[in-house]
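This report refers to the structure that appears directly beneath it.
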Amino acid sequence: MDKYEKIMNLAKRRGFIYPSFEIYGGAAGLYSYGPLGTLLKENVKNLWRYFYVLNEGFIEIDTPTLTPFEVLKASGHVDEFTDLKAFCKKCKKSYKAEDVKRGDKLVCPSCGGEIKETSQMNLMFSTILGEDRKAFLRPETAQGIFTDFHLLYRFVREKMPFGVAQIGKGYRNEISPRQGVIRLREFSMAEVEVFYDPKNMNMDPSNLKGELPLVVDGEVKKMDLKEAVEKGIIEHPALAYHILLAYKFMVACGIDDEKIRVRKHRKDELAHYAKECWDIESYSERFGWVECVGIADRSAYDLTAHTKASGVDLCASRRGEGRIKKKIVAKLNVLGPIFKELTGRIKEELEKMEPPAEKKEITLDVDGKKIVIPEDGYEIVEEKESVERFIPHVIEPSFGIDRIIYFILEHSYVETEKRGEKYNLLRLPAYIAPIKAGVFPLVNDDRLCKIAKEIEREMRLEGLQVFYDDTGSIGRRYARMDEIGTPFCITVDFTTLEDDTVTVRYRDTTEQERIKRKDVPSFIKNQISESLKNIFND
RNA sequence: GCGGGCGUGAUCUAGGGGUAGGAUAAGGGCCUUCCAAGCCCUUUGCCCGGGUUCGAAUCCCGGCGCCCGCACCA
């Protein structure tokens, strides 16, 4: 049995994650989170929020997964995702069917033979809103952010740069989803769209401290980020910063930093919207290097596309450089007496015009009427342009939550021996662990049980997920907690009856210490929050 | 989507045309003063559908799922 199987066995047995709808034979690419998996996933999402919403100060939103056709048409997904591919068995090459169509036959451009084998490449799930409005389940959460850009830009009071985060489901109708939880048809993603002014990134270069294992020319090299930007390996500092942040997040999740690398996309593997893209990959014994995060430079691609398609201006403003612009200003005291009630319309049309080089009579067409404006009916005014409109650029860190959860399990899974017996545990960081503490009476004695149950209740009311257990031997109960990664166990023993102390047992060392019974909730909370704060102290 | 292999409780596995067995886990009880102890009892299963047959978990066909290779992977 390989590690993947062991982990998936554990995951199923202990309620982390397992194939969905199994009583009906299951469905490829669909997995469910059980009770512990749901807690674990929630902790991962909250850690992510800690990074991006709390630490970075990005705003978080929640938009529909059902997305009208026009949105994904504009974004390029309809055309880029819908492809009939023709596969030539002889040449082992595939082509876009429309490129090799000859009459009603598909002909292989390489060998000239007829191609019979085709496959539908549409990766989006289509559906219908109401009677007949075409729609899709979103393939990424990003479009819900782009299409609200104007509202969000106003919400942040028009400051640049700003980030918008979203956690939610995405859907891709994979032709053949192998690789278990690595390739899902419905999956959770956490995405940020960072909007910035390409002429003014507002990036503090001191944020680029540190070396990352970059894959350059197929080789992994530890490289200083500042150097990577200077050498043009990473296109610009904001992109480098987000690569670093995403890397730190992965490590904070408990993923082995020896098994993380950062790889630049080749030109031919870039998504249609991306100008440059870096993947944070993690290594699995079963699957090899797997993409967990993609950090893409989407430039102005999406906002430009949606501005064009919707007609809504998705621009931002920057303080201008004081360019001088001429414009026409109507003199109402002259025009009013001449044109009476038409004056308002005339002013509107007149001021829309490009000013003439020299002052002269202007002939205007207003609502089908020819109007002649006398030379003294307007002025040409010179104005300094104080704002400039531009379409913001976007950096998008996009996290595959389910893959990250798989890697958390794989990398925290430890096989050891205890008294000659196999002993397995999950070394999850305390803030990731689904259960924070086991609470036990040393033996099944009414007095001890009563106190242990009281402690359990106190901890729950303090917001801690804990697990009370009084069955079997104490060793067995520790083992059960170790297997699901519970970092602490609280045990009530006979000494508790005398001095009101209990033992805290640490998962990774199995060592114990005594603390005051009344301090238990705050002690555990401190342990968790201290380890969380340490993430950013390096 | 193509070719090959596989499908037995929650997990691991034995068997195999005639009442499906074990281990682990789980539940109940006894015992138990710190790391999967012991004893007694108990629950859960042949992927689904069709065919062959007196009788199918077993043989055949189809589907679904999993694994391997090819292809695909925004």
Side-chain angles (χ1 to χ4, degrees), chain A residues 1-2 4-6 8-15 18-30 34 72 75-83 85-89 91-94 116-124 139-140 142 170 172-180 182-185 265 268-274 277 286 290-291 294 296 398 416-425 438 440-445 447-448 470-483 489-497 502-507 509-512 514:
Chain A
M1 209 193 297
D2 78 353
Y4 175 80
E5 286 175 89
K6 288 179 190 169
M8 292 313 284
N9 279 347
L10 168 69
K12 188 172 187 180
R13 246 183 324 108
R14 300 308 307 267
Y18 38 75
S20 302
F21 312 121
E22 259 195 328
I23 66 166
Y24 290 103
L30 301 180
L72 291 156
S75 70
H77 287 82
V78 169
D79 298 314
E80 298 296 330
F81 276 60
T82 310
D83 250 9
K85 285 229 166 157
F87 179 65
C88 180
K89 270 193 159 169
C91 314
K92 300 219 170 209
K93 279 182 185 161
S94 52
K116 291 250 166 76
E117 198 175 321
T118 59
S119 52
Q120 188 65 42
M121 299 302 301
N122 186 346
L123 292 187
M124 290 199 290
E140 55 172 4
R172 293 171 194 189
N173 199 6
E174 301 288 347
I175 295 163
S176 170
R178 306 274 176 88
Q179 305 173 73
I182 298 298
R183 172 150 275 114
L184 299 176
R185 286 192 167 125
H265 274 209
D268 65 335
E269 64 177 321
L270 285 173
H272 66 275
Y273 49 71
C277 184
R286 169 83 155 246
V290 175
E291 170 197 356
S398 173
T416 57
E417 267 198 13
K418 199 164 189 173
R419 310 193 166 182
E421 248 191 288
K422 272 188 197 159
Y423 196 89
N424 304 329
L425 64 154
F440 314 139
L442 180 59
V443 291
N444 204 340
D445 177 290
R447 293 166 299 168
L448 304 188
D470 60 18
T471 61
S473 73
I474 187 74
R476 179 176 218 84
R477 288 176 262 156
Y478 288 146
R480 271 200 280 256
M481 288 294 105
D482 287 344
E483 193 183 28
C489 288
I490 306 295
T491 302
V492 175
D493 57 20
F494 290 97
T495 314
T496 309
L497 298 176
V502 297
T503 64
V504 185
R505 176 231 188 224
Y506 297 90
R507 176 194 64 208
T509 59
T510 77
E511 275 164 16
Q512 298 185 27
R514 295 200 79 87

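Keep in mind that this is a model prediction, so the values were computed, not measured.
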remark   = Its contact letters, B for base, S for sugar-phosphate only and - for none at protein heavy atoms under 4.0 Å, make nucleotides 33-45 of chain B read BBBBS--------
key: Side chain proximity check, A:E140 to A:H77, heavy atoms < 4.5 angstrom   = yes
ask   = Hey, does the side chain of A:K12 come within less than 4.0 Å of B:U11's phosphate (OP1/OP2), counting only N and O?
value = yes
request  = Determine which nucleotide pairs with B:C54, using a 3.5 Å limit on both distances of a Watson-Crick or G-U wobble pair.
outcome  = B:G18
key: A:K422/A:E417 salt bridge by N-O under 4.0 Å criterion   = no
note = In B/S/- notation (B base, S sugar-phosphate only, - none; protein heavy atoms under 4.0 Å), nucleotides 60-65 of chain B written 5' to 3' is ----SS
query = Charged N to carboxylate O below 4.0 Å: is that the case for A:D2 and A:R286?
reply = yes
query = Which part of the nucleic acid, if any, lies within reach of A:N444 when heavy atoms closer than 4.0 Å are counted: base, sugar-phosphate only, or nothing?
reply = base
ask   = Hey, are A:R514 and A:D493 close enough for a salt bridge, meaning a charged N less than 4.0 Å from a carboxylate O?
value = yes
task = For the pair A:R183 and A:E174, find out whether any cationic side-chain nitrogen is under 4.0 Å from an anionic carboxylate oxygen.
result = yes
query = Are side-chain N/O atoms of A:T491 and A:Y478 paired as donor and acceptor at under 3.5 Å?
reply = yes
inquiry  = Expressed as a whole number of angstroms, how long is the span from A:L123:CG to B:G1:P?
reply    = 14 Å
request  = Check the distance between B:C66's C1' and A:L30's CG and give it to me in whole angstrom.
outcome  = 15 Å
remark   = Given the options A:L442, A:L448, A:D470, A:V492 meets side-chain contact (heavy atoms from CB on, under 4.5 Å) only with A:L448
task = Could you check which nucleotide pairs with B:A26 in any of the strands shown, counting Watson-Crick or G-U wobble with both distances under 3.5 Å?
result = B:U42
query = When all nucleic acid strands are considered with a 4.0 Å heavy-atom cut-off, which category describes A:L10: base, sugar-phosphate, or nothing?
reply = nothing
ask   = Over how many whole Å does the gap from A:R183 atom CZ to B:G1 atom P extend?
value = 16 Å
message = Tell me whether A:E22 is salt-bridged to A:K12, with the criterion being a basic N under 4.0 Å from an acidic carboxylate O.
response = yes
key: side chain to side chain donor-acceptor pair (under 3.5 Å) partners of A:K6, counting only residues at least two apart   = A:E415
task = Determine: side-chain N/O of A:N9 to OP1/OP2 of B:A10, distance under 4.0 Å, yes or no.
result = no
ask   = If pairing requires Watson-Crick or G-U wobble contacts with both distances under 3.5 Å, which nucleotide is the partner of B:C35?
value = none
request  = Sort out the partner of B:G65 for me: Watson-Crick or G-U wobble, both distances under 3.5 Å, none otherwise.
outcome  = B:C6
request  = Have a look at A:R286 and say if it touches a base, only the backbone sugar-phosphate, or nothing, with a 4.0 Å heavy-atom cut-off.
outcome  = sugar-phosphate
